[in-house]
Amino acid sequence: MNILVCLKQTFDTEERIVVENGRVKEDGVKFIINPYDEYAVEEALRLKEEHGGEVTVVSVGPSRFEEAIRTALAMGADEAILADDPALFGDEYTVAKVLAAIIRQRPFDIILAGNQAVDDGSGQVAVRLAEELGIPHISTLTKLVVEGNQVTGYRDAEGDVEVVQATLPVLVTAQQGLNEPRYPSLIGIRKASKKPLTHVTAADLGLNPEEIRPRTKVVDTFLPKPKQAGKILQGDLQEQVRELVQSLRTVDKVIG
Amino acid sequence: MDFDWTLEQRMIRDTVREFAEAEILPHAAEWDRTSQFPKEVFDKMGRLGLLGLPIPERYGGAGADMVSYCLAVEEIGRACGGTGLSYEAHVSLACMPIYLYGTEAQKQQYLVPLASGKKLGSFALTEPQAGSDAGGTRTTARLEGDEWVIRGSKCFITNGGYAQTVVLTAVTDPERRGISAFIVPTDAPGFRVGKAYEKMGMRASNTVELILDDVRIPRDNLLGPLHAGFKQFLSTLDGGRVAIAALAVGIARSAFETALAYAKQRTQFGQTISKFQAIQHKLADMALHIDLARNAVMKAAWLHDQGRPFTLEASFAKLFASEMCTQICLQAIQILGGNGYLCDYPVERNLRDAKLIEIGEGTSEVQRLIIARHLGC
């Protein structure tokens, strides 16, 4: 089974975000595998353990992504492809085009990705990729079963479970709860440095940077307003409700 | 000159940190309170490849360097001093001598299970009459047919109650005070474990007395040359000193990080105490000393990895890091004030754990002696 995993390196969710000159400062920040992509890596490794085959990690981003990719290789992925040519960077539209170009060059049965990245949080890249490749996708899975050609995905639906079936080849995205990602073993870390990591450029992929240029533009980046101190309502229940409604109407203006 | 860790070293550090924060840190206070050796955590560490981190893969290890191993010890020690001590004793004092001096057959039989985490190891040198003065060793080993018969006792033995394999020293040539080292399976006839000691700190680490009542082991279990065990374990202790210095850095970091976070949120006189110069100077000194101690550890570990002599630097690192650690823990308690004196925060435990490192694996006094000898005194 040829298993592909799309992976992005993101800020550690524990990091404090500092905006400087309209950009998020990256100096001295710890980067991690996007947690949703980590579920995808773990699920890919479990599929490999169950069905055999190879796990290949594909990624679009700067060379610092290598650390996240090596971690996935240390967890047990077999090889990786990193598009770290700046001509290939852009928005979700661009990234989906680049991933599709990489993936078209190789055989695959299933593609796994995170449901979204914890930095931009758009949740678009994976489903756009499925569209680019003309294959079905099942998103936000909390359980995945592959039997022969048959893929069954389970996902939360407002407290119920929705069961979606598809046939290979398919793209699925991982939601929290899909699995508990393993720690890379220390022997795995040592082996990871010897596993193949291929760097690809726009030329390698036959992509014209002009055709894949971003369709969106970031016009401003700012932090949310600091949270104000909360207010505890006093008095009997009726008074409290009256004050709450009034406050929602006049102070926070969330109801008309 | 290159002060950067390699990607591999950073990945090992980050993985061990993540593991230690999830699997060790939340339980450290409880293990300390109940003097509980975290057996199941060692099983998990074994599966991760930690228990043979600096041992080559062909002997069941992960084949990492001393720098990576020291980073791992620091991270485990930051989460729990006692767990760090037991880890360090297993790797530096039990695995390393077998790796360095064992025959191929001994490595296959004894090192592979230790390094792959299937068994726990221990090193038994100290005796009631012998500590810094290894010449005072009273335990004897005599050859009887094809077996060594070992008689005596060992004290303060880390991991002794849980180990399946103990590397120990015994007098083999009473005339010339010749000492040899042996690999002893703990299920050998005559091997007994005494009661675990009630300790000030490092309480998650198991420390016991071993009673060797005519323990019989195969003749082939002599480790290294006959009568020359003395020199051999001195070099074992060199490697251990670098690692235990890393443990001191880890414990100091726990105390410092707690104190820093506390100082930034504790308010007095209308501002956080981190705004007061008296506290700032303490925190600045703490950060400085931890960084310098880690540099000393890293230099000694790097020399080891380059295959160069590192005895002097190992003593520098051990002496500086251990004494620095005790001082940092004291300062951390001072910053936390009354809260620092309570068991609700880790700093009082950090102090109790720290003190051991000024004593174990060569006291501060012995370290100064080693350094002075290198100066030609």
Side-chain angles (χ1 to χ4, degrees), chain A residues 7 9-16 27-35 37-39 41-42 45 49 57 59 61-77 80 82 84 176 179-197 199 227 229, chain B residues 4-25 41 43-73 75-76 79 87 90-91 95 112 115-118 257 261 264 305:
Chain A
L7 181 144
Q9 188 194 43
T10 56
F11 264 58
D12 189 338
T13 41
E14 311 265 303
E15 286 285 348
R16 238 181 79 199
D27 308 348
V29 165
K30 189 172 175 246
F31 291 97
I32 57 168
I33 299 179
N34 172 40
D37 297 348
E38 205 177 359
Y39 300 128
V41 172
E42 175 63 37
L45 297 175
E49 282 158 6
V57 173
S59 191
S63 52
R64 66 167 160 78
F65 273 36
E66 220 175 283
E67 192 161 341
I69 290 171
R70 291 283 177 207
T71 304
L73 293 172
M75 287 168 75
L82 173 61
D84 51 2
Q176 194 171 4
N179 54 45
E180 184 68 39
R182 66 194 69 189
Y183 296 106
S185 81
L186 301 173
I187 296 168
I189 291 174
R190 299 223 46 250
K191 286 187 176 149
S193 58
K194 293 172 202 97
K195 288 181 177 174
L197 195 170
H199 299 259
K227 204 174 158 192
Chain B
D4 269 327
W5 287 299
T6 63
L7 177 59
E8 188 177 298
Q9 289 162 346
R10 279 184 286 131
M11 282 173 66
I12 289 173
R13 179 198 61 192
D14 292 349
T15 301
V16 178
R17 180 178 298 173
E18 204 180 315
F19 173 83
E21 285 179 352
E23 310 281 347
I24 299 174
L25 188 70
V41 165
D43 294 340
K44 286 182 188 171
M45 285 160 76
R47 286 197 290 276
L48 205 60
L50 262 169
L51 295 187
L53 186 56
I55 304 294
E57 283 178 56
R58 65 181 185 282
Y59 298 124
D65 55 15
M66 182 74 133
V67 166
S68 302
Y69 166 55
C70 285
L71 292 170
V73 173
E75 293 303 329
I76 295 170
Y87 172 59
H90 168 86
V91 175
C95 292
V112 171
S116 58
K118 291 186 180 63
E257 287 168 9
K264 285 178 174 175
D305 291 338

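Everything numeric in this text was worked out from a predicted model, so none of it was measured. Within every chain, numbering begins at 1; the chains are lettered A, B, ... in the order of the sequence lines, protein sequences first and strands thereafter.
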Begin with the C-alpha distance, continue with both residues' side-chain angles, and end with the deciding distance and a verdict on side chain to side chain contact (heavy atoms under 4.5 Å, CB included) for A/Ile32 and B/Asp14. CA-CA 10 Å; A/Ile32 57 168; B/Asp14 292 349; over 6 Å; no
Side chain / backbone / both / neither for [X] at chain A, heavy atoms under 4.5 Å:
X       : value
B/Leu50 : both
B/Ile12 : both
B/Glu8  : both

Is chain B contacted by the side chain of A/Ser193, its backbone, both, or neither, given a heavy-atom distance below 4.5 Å?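 Side chain of A/Ser193 only, per the 4.5 Å heavy-atom cut-off to chain B.
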Separation of [Y] [atom2] from [X] [atom1] (nearest 0.5 Å):
X        : Y       : atom1 : atom2 : value
B/Arg10  : A/Thr71 : CZ    : OG1   : 10.0 Å
B/Met11  : A/Leu73 : CE    : CG    : 8.0 Å
A/Ile189 : B/Leu7  : CD1   : CG    : 9.5 Å

Inspect the surroundings of NZ in A/Lys191 and state if more than 12 heavy atoms from other residues, nucleotides or ligands are less than 6.0 Å away.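 No - once you tally the heavy atoms of other residues, nucleotides and ligands closer than 6.0 Å, there are 12 at most.
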Take a 6.0 Å sphere around CD of A/Glu49 and say whether it holds more than 12 heavy atoms from other residues, nucleotides or ligands.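 Yes.
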Could you tell me which of A/Lys30, A/Glu66, A/Arg190, A/Arg70 has the largest number of non-hydrogen atom pairs under 4.5 Å with chain B?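 It is A/Arg190.
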Which atom pair, heavy atoms only, marks the closest approach of A/Tyr183 to B/Glu23?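 Heavy atoms of A/Tyr183 and B/Glu23 come nearest at OH-OE2, 3.4 Å.
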